[in-house]
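Every chain is numbered from 1 and lettered A, B, ... according to where its sequence line falls, protein lines coming before strand lines.
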2 protein chains.
Amino acid sequence: MGNNRVTLADVARRAGLSKTAVSLVLNGREGTRLSAEAHQRVFAAAEELGYRPNIAARSLRTRKTATIAFVSDVVATTRFAGGLIRGALDAARERNHVLLIAETQGDTSFEQHAIDAMIDRQVDGVIYAAMATRRLTVPPALLANPVVLLNATSPDGLPCVLPDDEQAGHTAARTLLDHGHRDRIAVVGRNRLKEHDPEVSLAADARMRGIQRALSEAGTSLGHEVFCRDWLPEYGFSAMRSLLHRSPRPTAVICMNDRLAFGVYQALADAGLGVPGDVSVISFDDDPIAAWLRPALSTVAIPHEPMGRRAVELLLDGNTAGRRLVPMSLRRRSSVAPPA
Amino acid sequence: MGNNRVTLADVARRAGLSKTAVSLVLNGREGTRLSAEAHQRVFAAAEELGYRPNIAARSLRTRKTATIAFVSDVVATTRFAGGLIRGALDAARERNHVLLIAETQGDTSFEQHAIDAMIDRQVDGVIYAAMATRRLTVPPALLANPVVLLNATSPDGLPCVLPDDEQAGHTAARTLLDHGHRDRIAVVGRNRLKEHDPEVSLAADARMRGIQRALSEAGTSLGHEVFCRDWLPEYGFSAMRSLLHRSPRPTAVICMNDRLAFGVYQALADAGLGVPGDVSVISFDDDPIAAWLRPALSTVAIPHEPMGRRAVELLLDGNTAGRRLVPMSLRRRSSVAPPA
DNA sequence: TGCTCTTGCTAAATCAGTTTAGCGGCTTGT
DNA sequence: ACAAGCCGCTAAACTGATTTAGCAAGAGCA
């Protein structure tokens with residue numbers, strides 16, 4: 001196993017120099033007065049022996065592990081997480097860092113355990129991620145070292161990365177307005193809890209603000225709105241059913257996420273109505289399902305990868321406190337058309 | 001930061017004992033002749049100071065890091081990965097280990113980089129995971145330390161964890177037979193490449209074998225089959241369309257995965273046919289979408305969490321070589337009924 | 001009394017790096 | 001001619017744990 005790994009001492013012996021010299025050369029230290037010839041000998045020896053530094057040993061002295069902890073409530077294993085981790089992974093790789101991941105599953109003792117485990121391993125910093133965009137309080141144990149919140153804010157004013165949901169709401173509404181929809185635009189998925197409790201969601205309120213701003217800028221306002229207990233297909237389904245009983249019928253529906261939109265599609269199909277011929281649909285998230293629906297669903301994507309990437313950059317490069325909003329962009333597909 | 005972390009020496013000083021004594025006590029070593037009183041003093045001191053061992057320092061000596069590398073082609077960020085990582089994370093936590101993750105994205109240089117990065121950090125072992133169940137060759141650099149393949153096999157005969165797709169195929173077909181379907185069962189999603197090239201897929205062939213075994217045990221055989229270029233909704237859609245032109249029309253369809261089944265649902269809805277009234281549908285994977293469809297789709301689930309868990313157990317406990325098949329179980333929902 | 005054994009504990013080596021302090025030899029300035 | 005400074009390099013300390021080797025005091029035995 002590692003018993004015969006090549007060490008710095010081996011390289012030094014081979015190069016006929018001291019460990020010090022080898023360390024200085026391999027770390028590319030400026031201002032050492034080692035000769036060009038010594039540099040050559042070190043590089044050659046390291047190359048020939050296939051030397052790789054032992055990071056545990058190094059970090060013992062330097063207190064840098066080139067390792068970042070990615071701690072999340074439950075995000076690490078949801079579809080949602082994919083892009084977040086991918087982006088973080090990419091940015092970490094570019095900076096020669098690796099990611100240690102842990103999931104708290106919302107359990108305080110798991111969380112404590114996870115954080116301890118990470119800190120014991122001397123991570124250089126922690127990315128604390130939430131599945132739903134929301135406000136949270138970070139465990140005090142974390143505050144001792146660099147932290148960046150991902151998809152969350154905290155009262156401590158820690159640096160954080162969030163999607164720009166208000167702009168997304170504006171984009172969604174603006175898109176419908178641009179297609180000629182006006183007074184008969186409905187929203188599916190309003191939810192008092194999500195909109196009023198920042199510890200539950202920040203997205204719901206921000207998206208609504210964006211939608212309402214776009215409408216009032218256009219001199220109009222929301223035609224209908226339906227509240228939903230949760231943002232799941234079944235609630236979208238019944239919400240759309242209830243909308244179809246109202247008159248005038250909406251010409252377009254903004255769904256608070258793609259799963260609701262899926263339910264809305266089902267209800268429209270059951271009623272024999274076509275998208276976008278009879279009703280246009282637009283939504284948020286860009287869940288994989290959005291591209292699979294027929295017609296494909298136009299939706300304002302959560303920028304998972306850029307967010308993950310941004311969090312790592314913020315952590316590693318100077319991270320001034322405060323929030324960073326990452327823009328959300330429209331995936332134009334086929335579910336929006338002018339009203340009949 | 002870490003400059004004032006409590007060290008073993010601090011605890012020793014406080015307890016009025018040597019570092020050796022403290023180390024022995026805290027590690028619960030048997031056969032030391034330290035007095036009960038010394039034990040008390042050590043525990044008290046450690047507790048009072050909030051001592052936590054520095055794992056980098058420890059691993060320098062012991063060559064154990066309590067860290068596992070989870071290297072995958074692309075699995076880490078797909079929906080697919082969720083359960084795999086979750087299971088691995090759970091099992092790792094139970095054993096006081098953590099997971100270092102990396103993604104190669106199928107790029108050889110990324111892969112080399114990732115593997116080096118993990119080995120430099122002295123991981124105790126590597127889980128090498130694939131997104132699609134398939135055969136692959138593991139990079140030679142890995143062979144120097146413990147490896148378990150997850151969702152993959154290799155010619156090296158390394159220990160590996162795979163879903164039992166043949167049994168899954170048998171279960172799917174058996175379920176339809178039990179409901180009274182017999183000669184008019186169709187398969188959607190046959191694919192020569194997937195079935196014949198183990199480096200592309202092992203699942204396709206295994207599922208087909210299971211299906212055919214169940215049918216021949218019942219003295220019947222496949223009514224129809226449609227080949228698909230890929231297992232995506234659009235191909236399921238056109239496959240089902242073509243099936244509807246044949247006569248006799250199938251009474252039930254086995255889809256090779258849930259995304260195909262989604263397309264099949266769309267085609268049936270377009271044709272005004274009901275599931276399961278006119279056609280029963282059963283599938284594989286248990287993608288989240290399966291539960292969202294109306295009627296909810298019965299499908300044989302890939303046991304992601306147990307697989308991830310199993311991989312960690314295999315790696316940490318004695319891992320005798322050879323393959324472990326993890327059973328796949330049926331999620332009974334509403335898409336299967338007796339033929340009309 | 002002298003010898004060995006056990007008991008309870010510790011000094012020092014070790015892991016693989018980084019960093020500090022400084023050593024000879026040569027050049028330069030006065 | 002002599003001090004000062006530079007050049008090229010190294011010995012040794014240090015990081016925080018584990019582990020080996022062994023010491024001193026007391027007990028047991030002849």
request  = Please report the C-alpha distance between B:Leu162 and B:Arg310 in whole Å, then the side-chain angles of each, then the deciding distance to 0.1 Å, and finally whether the side-chain contact (heavy atoms from CB on, under 4.5 Å) criterion is met.
outcome  = CA-CA 10 Å; B:Leu162 293 166; B:Arg310 204 67 209 282; over 6 Å; no
Check the interface with nucleotides 27-29 of chain C: list each N/O to N/O pair with the protein under 3.5 Å, or write none.
none

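Counting to the nearest Å, the C1' atom of C:dA16 and the CZ atom of A:Arg52 are 15 Å from each other. As a whole-Å value, the separation of A:Gln122 CD from C:dG17 C1' is 15 Å. Atom CG in B:Leu8 sits about 9 Å away from atom C1' in D:dT18, given to the nearest Å. Separating the NZ atom of A:Lys64 from the P atom of C:dT19 is a distance of 11 Å, rounded to the nearest angstrom. As a whole-Å value, the separation of A:Arg58 CZ from C:dT18 C1' is 9 Å. With rounding to whole Å, B:Arg121 atom CZ is found 14 Å from C:dG17 atom P. As rounded to whole Å, 13 Å separates atom P of C:dT19 from atom CG of A:Leu26. In this entry the distance linking CD1 of B:Ile55 with C1' of D:dT18 reads 14 Å, nearest Å.
Looking at B:Arg309 and B:Glu305, no side-chain N of the basic residue comes within less than 4.0 Å of a carboxylate O on the acidic one, giving no salt bridge. Under a 4.0 Å N-O distance rule, the pair B:Arg95/B:Asp317 qualifies as a salt bridge.
A donor-acceptor pair shorter than 3.5 Å can be found between the side chains of B:Asn151 and B:Thr133. Side-chain contact, B:Thr67 with B:Arg121: no donor N or O sits under 3.5 Å from an acceptor N or O.
The main-chain N or O of A:Ala66 is found under 3.5 Å from a side-chain atom of A:Asp124 such that the two form a donor-acceptor pair. A:Arg29 places no side-chain N or O within donor-acceptor distance of the main-chain N or O of A:Leu24, the cut-off being under 3.5 Å. Remark: side-chain polar atoms of B:His39 are paired, donor with acceptor, to backbone N or O of B:Ser35 under 3.5 angstrom.
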Reading nucleotides 6-15 of chain D from 5' to 3' and marking B where a protein heavy atom lies under 4.0 Å of the base, S where only the sugar-phosphate is that close, and - otherwise, the string is -BBBBBB-BB
Acceptor/donor pairs from residues 152-161 of chain B side chains to any protein atom, 3.5 angstrom cut, sequence neighbours excluded:
from	atom 1	to	atom 2	distance (Å)
B:Ser154	OG	B:Asp156	N	3.2
B:Ser154	OG	B:Asp156	OD1	2.9

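B:Ser23 comes within contact range of at least one nucleobase, with a heavy-atom separation under 4.0 Å.
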